Amino acid sequence: MPFDDKLGMDIAYEEAVKGYSEGGIPIGGALIHEDGRILGRGHNLRIQKGSATLHGEIATLEHAGRLPGNVYKNATMYTTLSPCDMCTGACLMYGIKRVVLGENNNFVGGEEQLKSRGVEVINMSDKRCEELMAKFIKEKPQEWFEDIGE
């Protein structure tokens, strides 16, 4: 039985809230196997760690640790925001076949690239994710633009 997407997004959203409470960019993620195992979860740590690369999805993969290639192919990446090009590339590199995003009103990333490579992309249009991200962008536009490379 496939994992419930709402529960996956709830985990990603919890991570986004955690990141926001730490003064960071509120983007959270969860990598969940189709059998329900939570392989990894994480949130954007660029501000907290002074990192150039620890976006929410990358931190999620980092927390999952080394996994056999076939594990990724049977997992879904849950992310509270449309994945940027770097995070899109990581999903493609590891063969993740499904990406569920919380929203794409604040930012549209590599969704079309994912789809063009056969990845199933689902937008949950989650208002919690959208409101938290919009709040952060309004409060800290400089940090947001730095995060997306503008």
Side-chain angles (χ1 to χ4, degrees), residues 1-20 22 24-49 51-134 136-137 143-144 146-150:
M1 174 198 291
F3 191 76
D4 182 335
D5 287 341
K6 182 180 179 331
L7 293 175
M9 190 54 59
D10 286 347
I11 294 167
Y13 180 74
E14 285 173 14
E15 289 291 333
V17 170
K18 184 176 180 184
Y20 182 79
E22 295 169 353
I25 299 159
I27 302 170
L31 183 65
I32 301 178
H33 194 273
E34 65 187 9
D35 67 10
R37 284 181 291 149
I38 299 170
L39 303 170
R41 56 187 291 167
H43 54 276
N44 187 304
L45 290 165
R46 288 189 69 249
I47 292 172
Q48 298 93 312
K49 300 252 184 200
S51 170
T53 59
L54 280 176
H55 281 201
E57 299 89 339
I58 302 299
T60 298
L61 289 167
E62 179 70 17
H63 290 135
R66 291 178 58 195
L67 299 169
N70 66 336
V71 174
Y72 297 105
K73 290 168 182 51
N74 293 305
T76 297
M77 175 64 78
Y78 293 89
T79 177
T80 56
L81 186 65
S82 180
C84 73
D85 289 338
M86 177 176 64
C87 297
T88 292
C91 289
L92 291 172
M93 185 176 118
Y94 287 106
I96 295 168
K97 297 292 185 198
R98 210 164 167 267
V99 175
V100 177
L101 52 117
E103 63 104 356
N104 67 359
N105 286 331
N106 286 298
F107 177 78
V108 177
E111 296 169 46
E112 290 307 314
Q113 184 179 7
L114 289 167
K115 290 176 188 175
S116 76
R117 299 276 297 273
V119 177
E120 180 184 7
V121 177
I122 298 168
N123 181 357
M124 295 191 69
S125 300
D126 189 309
K127 290 296 175 198
R128 302 170 303 170
C129 297
E130 184 177 342
E131 290 168 4
L132 182 60
M133 193 72 241
F136 176 82
I137 292 169
E143 284 88 346
W144 167 244
E146 176 188 318
D147 194 62
I148 59 172
E150 289 187 16

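As a basis for the values below, the full set of heavy atoms in this structure was taken, side chains included, without hydrogen atoms, waters or symmetry mates. Note that the structure is a prediction, hence the values are computed from the model and not measured.
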Do [X] and [Y] touch side chain to side chain, with heavy atoms closer than 4.5 Å?
X	Y	value
Thr80	Leu132	no
His55	Arg46	yes
Leu101	Glu111	yes
Ile58	Cys87	yes
Ile122	Met9	no
Thr79	Ile27	yes
Cys91	Leu114	yes
Leu92	Gln113	yes

### Task
Indicate whether any N or O donor in one side chain lies under 3.5 Å from an N or O acceptor in the other, for Tyr78 and Asp10.
no

Do [X] and [Y] sit within salt-bridge range, that is, some charged N less than 4.0 Å from a carboxylate O?
X	Y	result
Glu14	Arg41	yes
Lys127	Glu130	yes
Lys6	Asp4	no

Considering all heavy atoms, the nearest [X]-[Y] contact:
X	Y	result
Ile32	Gly8	CD1-CA, 3.8 Å
Gly42	Glu15	O-CB, 3.2 Å
Val99	Pro83	CG1-CG, 4.4 Å
Gly102	Cys129	CA-SG, 4.0 Å
Ala90	Leu61	CB-CD1, 3.8 Å
Leu81	Glu57	O-OE2, 3.8 Å

### Query
With no hydrogens and no angle check, is any side-chain donor or acceptor of Glu22 less than 3.5 Å from a backbone partner on Gly24?
no

### Under 3.5 Å: donor-acceptor pair, side chain of Ser82, backbone of Gly109
yes

### Task
With sequence neighbours left out, write down each residue that passes side chain to side chain contact (heavy atoms under 4.5 Å, CB included) with Ile137, or none if nothing qualifies.
Asn106, Met133, Trp144

### Task
Please list, chain by chain and in numerical order, all residues satisfying side chain to side chain contact (heavy atoms under 4.5 Å, CB included) with Ser51, sequence neighbours excluded.
Lys49, Thr53, Leu54

### Query
Near Glu62 CD, under 6.0 Å, is it more than 12 heavy atoms from other residues, nucleotides or ligands?
no

### Query
Hey, is OH on Tyr94 packed in by over 12 heavy atoms from elsewhere, all under 6.0 Å?
no

### Query
Can you tell me how far CG of Asp126 sits from CG of Asn105, rounded to the nearest 0.5 angstrom?
11.5 Å

Show me the donor-acceptor pairs within less than 3.5 Å that the side chains of residues 67-74 make with the rest of the protein, sequence neighbours left out.
unit_1	atom_1	unit_2	atom_2	d
Asn74	ND2	Asn70	O	3.0

### Query
Are Val119 and Ile96 close enough, and set up right, to give a side chain to side chain contact (heavy atoms under 4.5 Å, CB included), and what steps lead you there?
CA-CA 7 Å; Val119 177; Ile96 295 168; 5.8 Å; no

